[in-house]
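Scroll down for the structure; my scribbles are underneath it.
Order of the sequence lines sets the chain letters (A, B, ...), proteins ahead of strands, with each chain counted from 1.
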Number of protein chains: 2
Amino acid sequence: MNDMRLIRAKSGTNQEGTSAHNRRVMIDALRLNGQLSRADLARATALTKQTVSNIIEDLERDGLVESLEAVRNGRGQPSTPYRLVPEGAFAIGLQIDRHVTRTIAVDLVGRVLARGEANLPAGGPATGVRTILELIEKTRRDLTALAPHSEDRLVGLGAAMPGPFGVEADADDPWMMAAWQNFPLLETLAAGTGLDVGLQNDAAAAATAERMVGAAHGVDHAICIYFGYGLGAGLILNGELYRGANGNAGEIGMILSLPRGASSDERMPLEHRASIASLCKLLDLDPADPDLYARIDAAAANPDQGLVRWIDAAAFEMRAAVQALETIFDPQTVILCGGLPSGLARLLIQAMVPLLPSIADRRDRTLPRLQVGFTDPWAVAIGAAAEPISRTFDPRFSAILKTRVSAAV
Amino acid sequence: MNDMRLIRAKSGTNQEGTSAHNRRVMIDALRLNGQLSRADLARATALTKQTVSNIIEDLERDGLVESLEAVRNGRGQPSTPYRLVPEGAFAIGLQIDRHVTRTIAVDLVGRVLARGEANLPAGGPATGVRTILELIEKTRRDLTALAPHSEDRLVGLGAAMPGPFGVEADADDPWMMAAWQNFPLLETLAAGTGLDVGLQNDAAAAATAERMVGAAHGVDHAICIYFGYGLGAGLILNGELYRGANGNAGEIGMILSLPRGASSDERMPLEHRASIASLCKLLDLDPADPDLYARIDAAAANPDQGLVRWIDAAAFEMRAAVQALETIFDPQTVILCGGLPSGLARLLIQAMVPLLPSIADRRDRTLPRLQVGFTDPWAVAIGAAAEPISRTFDPRFSAILKTRVSAAV
DNA sequence: CTATTAAGTCAATTGTCTTGACTTATTTTT
DNA sequence: AAAAATAAGTCAAGACAATTGACTTAATAG
């Protein structure tokens with residue numbers, strides 16, 4: 001058959017894939033449980049004791065796990081627990097936001113070791129790339145100062161910025177960061193840093209952070225609503241972040257719906273009513289103001305009538321969003337996170353309860369329907385940094401499959 | 001560590017998993033391409049020629065694939081194409097609807113070989129189960145008459161019924177089919193038929209049908225909106241049906257939203273405005289009427305003012321639903337399918353275009369944003385029958401992983 | 001003190017994919 | 001017409017990773 005006409009199926013696998021998967025599973029089990037003996041790992045992963053022993057030996061040699069002191073747990077030989085070595089791997093996260101860029105260095109267990117921040121001039125990538133690459137360099141130096149061999153164990157760079165990606169950008173729409181959308185960011189960062197680079201939208205990054213070290217830790221079906229300058233959702237489905245066909249899944253801020261009390265049929269994007277951007281517009285705040293958070297927090301401490309009305313309207317939309325996402329995804333929990341001042345987060349959540357009835361009202365629930373996750377301007381950067389760790393060490397279907405060497409298609 | 005405290009990670013895998021996956025991948029490649037030579041299969045799956053040869057030999061011995069006549073394709077030895085043997089496997093599908101139950105028998109390639117239908121008395125499972133088991137028996141006999149050895153190659157029974165499952169059922173709500181929800185259906189069917197039984201909601205079943213033999217064939221990211229008595233969506237994500245934490249993902253009819261022109265803040269379920277049920281209510285039709293479809297079709301052929309208004313209102317909601325699902329999932333395409341008369345489907349689609357702007361407006365699209373899939377009362381039953389085929393033969397992450405033998409979790 | 005239980009190791013085995021050389025069949029070039 | 005090139009497919013040996021079952025070690029229970 002002509003090679004061009006051939007529809008590629010899912011690819012096959014071999015022992016290499018098996019082995020790689022089992023290593024990831026082992027690391028996942030340790031991440032979930034903190035520490036486990038070899039026998040525990042065998043139970044957790046359904047592998048045999050012998051297999052676990054071999055893999056653990058490998059991982060220990062690679063500096064990814066280490067043994068702790070043996071513990072007696074009743075009858076039988078004491079067990080030797082193993083845990084992840086935090087210094088076993090490092091990753092750099094980069095957040096590109098509208099007016100600011102941030103970097104974070106994390107280790108294998110998700111601890112933050114270094115941070116950097118810089119204002120992003122309005123010029124877009126032309127001037128911004130230089131700032132960004134310098135900030136990354138600085139963060140790498142800071143990391144090396146703390147962990148001398150970190151450079152040898154750097155598994156990648158994770159970038160996060162507002163989406164959507166690859167959509168016809170309206171050059172005038174400040175929401176879209178159009179100039180950045182049309183810029184070959186991945187290639188530039190890869191060339192400039194020598195690292196493997198991944199890209200997520202900010203909501204996805206927040207979800208990645210929640211999954212590694214936050215409220216979604218160990219939860220296989222969770223929706224993270226990211227309430228920031230825009231509004232998005234990070235979708236954790238079957239234990240993996242779902243990206244959609246073009247990496248734009250979860251851009252819920254762009255859902256068109258009728259405003260409350262609308263007399264016309266005019267629909268408008270959800271994030272025009274529920275986002276920090278909408279608040280800035282209402283309160284006439286400058287989104288580029290470095291003290292924006294402090295100002296909003298101050299306003300939230302003593303809300304005036306305008307703010308109360310905004311919260312009421314935003315919460316109205318958010319209640320609907322939570323109910324809709326629960327209905328669509330049937331998740332174990334919904335996590336509200338974002339880059340919003342904690343005072344505002346508190347007010348918003350207060351206004352969101354009680355939640356609307358949904359299929360999430362089940363007797364067998366173990367997690368609350370709505371939880372609060374990271375509400376911190378650094379959440380996205382942390383998630384960006386967590387992405388290379390996840391990409392490298394988390395069990396994923398695609399990590400089992402053979403990669404094709406062929407050029408075309 | 002105490003076994004009870006151990007958080008189970010994803011399980012590991014071994015050669016058995018590898019082999020099982022590669023067989024599935026091979027079948028998937030043949031299903032997608034119709035027919036492929038061994039060399040083609042090697043390219044499609046990224047496996048070596050030798051591995052493909054061994055597996056194909058196995059599958060041929062098992063009666064799942066067969067060779068065709070060799071074809072010359074230019075220079076080099078002519079290739080021998082292989083294809084799936086339709087009679088290689090069979091499955092039974094069962095649809096339990098509010099007033100009727102249907103059965104379908106399909107083969108490995110999704111061809112329908114037998115159908116059965118019966119009215120479902122209002123008594124619920126107490127009386128209905130007998131009807132159902134008899135209908136399944138009859139369909140199996142019909143299948144055996146057509147394909148004598150089908151019983152030896154029956155891979156399972158797929159059931160489909162309206163969801164949601166496991167939710168506090170309001171006993172009086174006829175939407176919920178409460179009596180069936182609280183009935184141990186899977187166990188009863190398994191015991192009564194001796195087959196492995198799977199259960200999906202009707203929207204998921206419709207999506208399964210679209211994926212095997214319909215518009216979602218070979219599409220890895222598709223949303224199938226099922227417009228039937230209720231409203232639901234079947235989610236095909238990464239090439240697999242997504243079920244959610246409790247099998248209720250996609251129940252979009254239960255999304256609460258503001259009706260158009262609502263003066264109050266009163267939200268109501270989407271399917272109260274967009275579903276056959278809502279149409280019945282408006283036109284004062286009896287949903288249990290066996291001639292319901294014909295009546296609706298007749299009304300659609302010559303729509304009166306009431307019907308026009310309903311279509312207008314339903315299309316208003318459906319346009320929003322399509323835009324929202326595109327925004328949330330970033331799929332390659334949205335497929336509108338359902339158990340609705342074709343005349344009505346035509347009117348509805350007409351009223352839905354043009355679609356609302358969304359992130360699906362991309363220059364690099366290959367598929368239309370909205371397609372029409374099966375609009376046929378049998379679509380759900382076909383999807384139900386396709387489920388065991390998919391479960392048995394499609395490549396899935398979970399099919400690679402070891403299954404745990406242990407009792408408790 | 002002995003039996004029991006559990007963790008963990010050893011050495012041989014098994015199953016599956018890979019490798020590289022080879023055969024076969026066809027078209028293209030000389 | 002012969003030789004070269006190309007592609008499909010096979011053969012046999014090899015590599016690799018998990019499995020198996022017996023074994024060792026170290027603790028507690030009775």
Modelled atom types, side-chain donor and acceptor of S79(A) and N73(A), under 3.5 Å: yes

For [X] and [N], what is the distance between atoms [atom1] and [atom2] respectively, to the nearest whole Å?
X: Q15(A); N: dA15(D); atom1: CD; atom2: P; value: 13 Å
X: M26(B); N: dT16(C); atom1: CE; atom2: P; value: 13 Å
X: N73(A); N: dA6(C); atom1: CG; atom2: P; value: 10 Å
X: Q77(A); N: dA26(D); atom1: CD; atom2: C1'; value: 5 Å
X: H21(A); N: dC17(C); atom1: NE2; atom2: P; value: 16 Å
X: L36(A); N: dG8(C); atom1: CG; atom2: P; value: 11 Å
X: N14(A); N: dT19(C); atom1: CG; atom2: P; value: 9 Å
X: I400(B); N: dC17(C); atom1: CD1; atom2: P; value: 12 Å

Whichever of E16(A) and P78(A) has its nearest DNA chain D nucleotide further upstream toward 5': E16(A)

Phosphate oxygens OP1/OP2 of [N]: is one of them under 4.0 Å from a side-chain N or O of [X]?
X: R38(A); N: dT9(C); result: yes
X: S37(A); N: dG8(C); result: yes
X: T18(A); N: dT16(C); result: no
X: N22(B); N: dT16(C); result: no
X: R43(B); N: dA8(D); result: yes

Non-hydrogen side-chain atoms of L47(A) and N22(A) separated by less than 4.5 Å: yes

Counterpart residues, side-chain contact (heavy atoms from CB on, under 4.5 Å), relative to A384(B) (two or more places apart): A160(B)

A20(B): partners by side-chain contact (heavy atoms from CB on, under 4.5 Å), with sequence neighbours left out: none

Test side-chain hydrogen bond (donor to acceptor under 3.5 Å, both in side chains) applied to S19(A) and H21(A), R23(A), E16(A), the passing residue: R23(A)

Neighbours of DNA chain D within residues 60-72 of chain B, by heavy-atom distance under 4.0 Å: none

Contact residues, residues 44-57 of chain B to DNA chain D [heavy atom, < 4.0 Å]: K49(B), Q50(B), S53(B)

Sequence-distant partners of E240(B), salt bridge (charged side-chain N to carboxylate O under 4.0 Å, His left out), two or more places apart: none

All salt bridge (charged side-chain N to carboxylate O under 4.0 Å, His left out) counterparts of D62(B), not counting sequence neighbours: none

Spatial distance of atom CG (L36(A)) from atom CD1 (I56(A)) [nearest 0.5 Å]: 9.0 Å

Inter-residue atom distance K10(A).NZ - F397(B).CZ, 0.5 Å rounding: 11.0 Å

